[in-house]
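So you know, we letter chains A, B, ... as the sequences are listed, proteins then strands, and number each from 1.
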Protein chains: 2
Amino acid sequence: MNITIRDVAMRANVSPATVSRVLNQSKPVSKAVREKVMRVVEELNFNPNSVARSLAMKESKLIGVVIPNIDSVFLSKFVNIIEEEFFKHNYTTLLCNTRRADDVEKDYLRLLKDKYVDGVVLMTSHPKPHQIEFFEQEDIPVVFAGHTDKSKQFSSVNIDNYQAMYDATLYLLENGHRRIAFFGGPLIYRQAMERLSGYKQALADYGVKYEESLVFANDYDIEHGYENGMGLFQRADRPTAICCVSDMVAIGAIKAAEANGLRVPEDISIMGFDDTRLARAYRPGITTIRQPIHELSVQAAEMLLKQIKQKEVYVKETRILSHEIIVRGSCMAVNG
Amino acid sequence: MNITIRDVAMRANVSPATVSRVLNQSKPVSKAVREKVMRVVEELNFNPNSVARSLAMKESKLIGVVIPNIDSVFLSKFVNIIEEEFFKHNYTTLLCNTRRADDVEKDYLRLLKDKYVDGVVLMTSHPKPHQIEFFEQEDIPVVFAGHTDKSKQFSSVNIDNYQAMYDATLYLLENGHRRIAFFGGPLIYRQAMERLSGYKQALADYGVKYEESLVFANDYDIEHGYENGMGLFQRADRPTAICCVSDMVAIGAIKAAEANGLRVPEDISIMGFDDTRLARAYRPGITTIRQPIHELSVQAAEMLLKQIKQKEVYVKETRILSHEIIVRGSCMAVNG
DNA sequence: TACCCTCAGGAAATCGATTTCCTGTACATG
DNA sequence: CATGTACAGGAAATCGATTTCCTGAGGGTA
C-alpha cells in the first residue's frame with residue numbers, strides 16, 4: 001500500500017540499511033549510491049514512516065504541553081507562544097488539557113510516556129504528588145511553568161507570586177488605601193497561598209490590620225469576582241480597594257461594583273493580575289500585575305529543548321522572571 | 001528498562017500473544033489464564049507501548065487540529081471542547097497552530113501525514129487550494145469547521161454566515177436604525193465575504209442604500225475595531241449603529257465610541273459576533289450573534305470519529321448549525 | 001474404539017524503520 | 001608479495017506490539 005524503505009531499497013538495488021544511512025547521514029555512503037538512492041526517493045515520493053522510526057529510535061519529535069485549561073486567555077496565549085517555539089525546532093505539540101481533573105492528568109501522563117514524547121511542559125501552579133512521582137520515575141525531560149520547584153529536582157520557570165502580590169498591595173497602600181480586600185484563589189493552590197502571603201505581609205509592613213472578612217478564596221473566574229463583590233459591596237464597612245488574583249476576577253468585581261452603584265475607580269479601586277488582553281480592552285483599563293507571559297513561554301521552551309539535547313549532562317535550572325505593575329484606570333489614590 | 005508485553009508473558013507463564021489477547025479481547029482466553037495475566041499486568045503496572053501498537057495496527061490515535069490561532073477566545077474554546085471529545089474516545093490532539101502562515105500550514109499537513117494521524121479537523125473559514133489538494137490526494141479523514149464545503153467532497157460543519165449577518169443587520173433595521181456601519185473582516189476570507197453579503201442584502205430588502213464609506217474590511221481584533229471607530233465617529237454623518245464581525249471588534253468600536261464622547265447604546269448601537277465570554281463580561285453587555293461553538297466542536301468531533309470508524313462506507317456530510325441573536329445592552333432602538 | 005471438531009494457546013511473521021555486526025574489496029606499508 | 005587497515009554496504013537483530021498459522025488436548029458422536 002504505502003511506500004516503505006524496502007521499496008526504495010529494491011528499486012535502487014541496495015539494502016534498506018543503506019537507504020536509512022543516506023536519509024539520516026548516519027554513516028558515510030559513496031556518492032554514486034547516495035545519489036541513486038536520493039533519486040529513487042524523489043521518484044517514489046518516499047516519506048519515512050515516523051511511527052516505525054519512533055519505535056526504533058525511542059523518540060517522537062513530540063512534546064506534551066500539559067495545562068489545566070486551554071479555554072483561558074492567559075493559558076491560550078502561553079500555548080500559542082510555546083507551540084511556535086517548538087515548531088521552529090521541529091517538535092510538534094501534543095495538547096493535554098486536563099480540565100483540572102486528576103484522572104485526566106494521570107491518563108495524559110501515561111499516554112505521553114507511551115507515545116515516547118521527547119519532553120513535557122507542565123503548566124500548573126501546584127504539581128500533584130502523582131505528577132512529581134511520575135517524573136521522578138520516568139526519565140522524561142520536563143519543565144514546570146508557573147511553579148517554582150524549590151527542591152531543584154526539576155527545571156522550572158515562574159514569577160515570584162509572593163512578591164508580585166506584595167507589590168500590588170503596596171501600590172494600593174501607597175495610594176492611601178487602608179481597607180483593601182483580597183479576592184484570591186482556592187488555598188489548595190500553592191500560587192494562591194503565596195499571593196495571599198504577599199498581601200498579608202504588605203499590610204503588616206504598613207501597619208494595617210489583616211481582616212479576615214475582607215479575604216475571599218475561590219476560583220479565578222468572572223463569576224466568582226462578581227459573587228464576592230456582591231457580598232462585599234453592600235456592607236457598610238466596604239473596602240476602598242481590592243486586590244484580585246486575576247483580571248477575570250477583577251472584571252467580575254467591577255461588574256458587581258457597578259451593580260451596586262459604585263464607580264470604578266472613584267468609589268473603589270480594583271486591581272487585576274496577569275495583564276491579559278482583557279485588562280487593556282476593558283473600561284476602565286485594569287491596573288494589573290503583568291506576568292511576562294511571552295518570556296515565560298519562550299524560556300520554558302528553551303529550557304526544555306536544551307534539556308532534551310543534553311539529556312545526560314543537563315543541570316536543572318530555576319528561573320524567576322520579573323513582574324511589573326501596569327497602571328491603567330481601575331485604581332486611583334484615596335481622596336485623589 | 002521498560003516493561004513490555006514479553007515481561008508480562010514470562011511472568012505469567014504464557015506467550016505474548018495470549019497477553020495481547022487478554023488485553024484486547026481479540027480472541028477468547030480461558031478464565032484462569034485471563035485472570036493470571038490480569039494479575040501480572042496489575043503487579044507490573046504494565047501499559048502497552050502505543051508506538052509499537054500504532055505500527056502494528058496502522059493507526060496512531062492522534063488527531064490533528066489545525067487552527068489559525070489558538071490565542072483567540074473563540075478558537076481556544078473550540079479547541080477546549082473538541083479536545084475533550086477526542087480524549088473521551090481515546091484520541092489525542094495534535095495542536096497545529098498555523099498563525100495564518102502558508103508555509104506553517106503546509107509543513108503541518110505534511111507532518112500530520114508522516115505521523116499517520118487518524119484524522120484532521122481543519123478550522124478555517126477559507127481553505128487554501130493546497131489544503132484542498134492535500135486532502136484530495138491523501139486518504140486521511142478530514143472535517144472542515146467554520147467553512148461550508150459546497151462541493152460535497154469533504155465533510156464540513158458551519159453556521160450560515162450570510163444569514164447570520166443578515167439577521168444581525170435586520171435586527172438593527174427593525175430597531176429603527178438606517179445608518180448602519182459594517183466592521184468586517186478581510187475580503188480574502190470567504191467568511192468575511194459571506195457576512196458582507198448578508199449585511200448588504202438586509203439593507204437592500206429594507207430599502208436602505210448601501211454606502212461604501214460605512215464599510216470597513218480588516219482584521220478581527222480589538223485594535224482594528226478601535227481604529228475603524230476612530231476614523232468614523234468624528235464624521236458628521238456618523239452611523240447610529242455598527243455590525244461588527246466579532247466581539248473583539250465590537251469592543252474596539254465601543255472604546256472608540258467612548259473616546260469620542262459617544263455613549264453606547266444611547267448614542268450608538270454596536271453589535272458583536274460570536275458571543276464569546278467577553279460579550280457577556282463587557283459593560284455594556286454586547287448584543288451579539290451567538291455561534292453555537294459547543295455544538296460546532298462536538299459535531300466536528302463526532303463527524304470525524306464516525307468517518308474514521310467507517311472509513312470505507314462513510315458518506316460526506318454538510319451540517320449547518322443555527323445561530324441566534326443574544327440581546328444584551330450594547331444596542332437599543334433609535335429614539336427608544 | 002476410532003474419528004472429527006472445537007478451541008485455548010504457542011511460535012513466528014509482521015508492521016517499517018534503525019543499528020549492530022560482519023564481510024569483502026581496495027589500498028597502504030613492511 | 002604478504003599482511004594490516006579502512007571502509008562501503010549487506011544480513012539480520014531490534015524496537016514492542018498484533019495477528020496468522022498451527023498444534024495438541026478434550027469432548028462429542030457413530
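- For C/dG10, one of the phosphate oxygens OP1 or OP2 lies less than 4.0 angstrom from a side-chain nitrogen or oxygen of B/T18.
- In this model, the phosphate group of D/dG16 is not approached by any side-chain N or O of B/N2 to a distance below 4.0 Å at OP1 or OP2.
- Between the CG atom of B/D114 and the C1' atom of C/dA17 there is a distance of 13 Å, rounded to whole Å.
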List, one per line, each side-chain donor-acceptor pair under 3.5 Å for residues 15-22 of chain B, sequence neighbours excluded.
{"from": "B/S15", "atom 1": "OG", "to": "B/A17", "atom 2": "N", "distance (Å)": "3.4"}
{"from": "B/S15", "atom 1": "OG", "to": "B/T18", "atom 2": "N", "distance (Å)": "3.3"}
{"from": "B/S15", "atom 1": "OG", "to": "B/T18", "atom 2": "OG1", "distance (Å)": "3.2"}
{"from": "B/S20", "atom 1": "OG", "to": "B/N24", "atom 2": "ND2", "distance (Å)": "3.3"}

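- Out of C/dG9, C/dG16, D/dA17, the shortest distance to the side chain of B/A52 is found at D/dA17.
- Atom CZ in A/R53 sits about 17 Å away from atom C1' in C/dC15, given to the nearest Å.
- Sequence neighbours left out, the pairs with a member in residues 73-94 of chain A that pass ring-ring contact (aromatic ring centres under 6.0 Å, His included) are A/F87-B/Y108.
- Considering only side-chain N and O atoms, A/S20 lies nowhere under 4.0 angstrom from the phosphate OP1 or OP2 of C/dT19.
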Could you go over nucleotides 21-25 of chain D and give all protein N or O partners under 3.5 Å, atom names and distances?
none

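- Within the 4.0 angstrom heavy-atom criterion, only backbone atoms of the sugar-phosphate kind lie near B/V14; the bases stay farther away.
- The interatomic distance linking A/E59 (CD) with C/dG16 (P) rounds to 20 Å, in whole Å.
- Remark: A/K316 engages A/S155, A/Q307, A/Y314 in a side chain to side chain contact (heavy atoms under 4.5 Å, CB included) (not counting sequence neighbours).
- Among residue pairs with one or both ends in residues 129-144 of chain B, those qualifying as salt bridge (Lys or Arg N to Asp or Glu O under 4.0 Å) are B/K113-B/E138; sequence neighbours excluded.
- Look at CE on A/M10: it is 17 Å from C1' on C/dA17, rounded to the nearest Å.
- Under the side-chain hydrogen bond (donor to acceptor under 3.5 Å, both in side chains) criterion, A/R39 pairs with no residue at all, not counting sequence neighbours.
- Under the side-chain contact (heavy atoms from CB on, under 4.5 Å) test applied with A/C96, the options A/I70, A/D107, A/V65, A/V66 reduce to a single match, A/V66.
- Taking five base pairs at each end of the helix from C/dT1-D/dA30 to C/dG30-D/dC1, the local helix axes there meet at an angle of 60°, rounded to 10°.
- A 4.5 Å side-chain heavy-atom check between B/N47 and B/N45 finds at least one atom pair inside the cut-off.
- Counting only residues at least two apart or on different chains, the salt bridge (Lys or Arg N to Asp or Glu O under 4.0 Å) pairs with a member in residues 67-83 of chain B are A/R99-B/E83, A/R277-B/D71.
- One finds no side-chain N or O of A/N49 lying less than 4.0 angstrom from the OP1 or OP2 phosphate oxygen of C/dC15.
- Ionic pairing of B/E317 and B/K306 is present here: one or more N-O contacts between side-chain nitrogen and carboxylate oxygen are shorter than 4.0 angstrom.
- Look at B/K128 and B/D102 and you find a salt bridge, because one of the NZ, NE, NH1 or NH2 atoms lies within 4.0 Å of a carboxylate O, short of that distance.
- For B/I5, taking side-chain heavy atoms from C-beta onward, the closest of the listed nucleotides C/dC15, C/dT18, D/dA17 is D/dA17.
- Contact check of residues 30-45 of chain B against DNA chain D (heavy atom, cut-off under 4.0 Å) returns no residues at all.
- Counting any heavy atom pair closer than 4.0 Å across all strands shown, A/Y116 reaches sugar-phosphate atoms only and no base atom.
- For B/M57, the side chain to side chain contact (heavy atoms under 4.5 Å, CB included) test picks out B/R53, B/E59, with sequence neighbours left out.
- B/N13 comes within contact range of the sugar-phosphate backbone alone, with a heavy-atom separation under 4.0 Å but no base atom that close.
- For B/H126, there are no side-chain hydrogen bond (donor to acceptor under 3.5 Å, both in side chains) partners two or more places apart in sequence or in a different chain.
- One can place CG of A/L55 at 9 Å from C1' of D/dT14, the figure rounded to the nearest angstrom.
- In this structure, B/S26 and A/R6 both approach DNA chain D, and ranking their closest nucleotides by distance from the 5' end singles out A/R6.
- For the pair A/K61 NZ and C/dA17 C1', the interatomic distance rounds to 16 Å; values are reported in whole Å.
- Among the protein residues, B/T4 comes within range of the sugar-phosphate backbone only, with heavy atoms under 4.0 Å from sugar or phosphate atoms but none that close to a base.
- Distance, B/K58 NZ to C/dC15 C1': 7 Å, rounded to whole Å.
- Going from atom CG of B/L23 over to atom C1' of D/dT19 covers 15 Å, rounded to whole Å.
- Sequence neighbours left out, not one pair with a member in residues 140-149 of chain B passes salt bridge (Lys or Arg N to Asp or Glu O under 4.0 Å).
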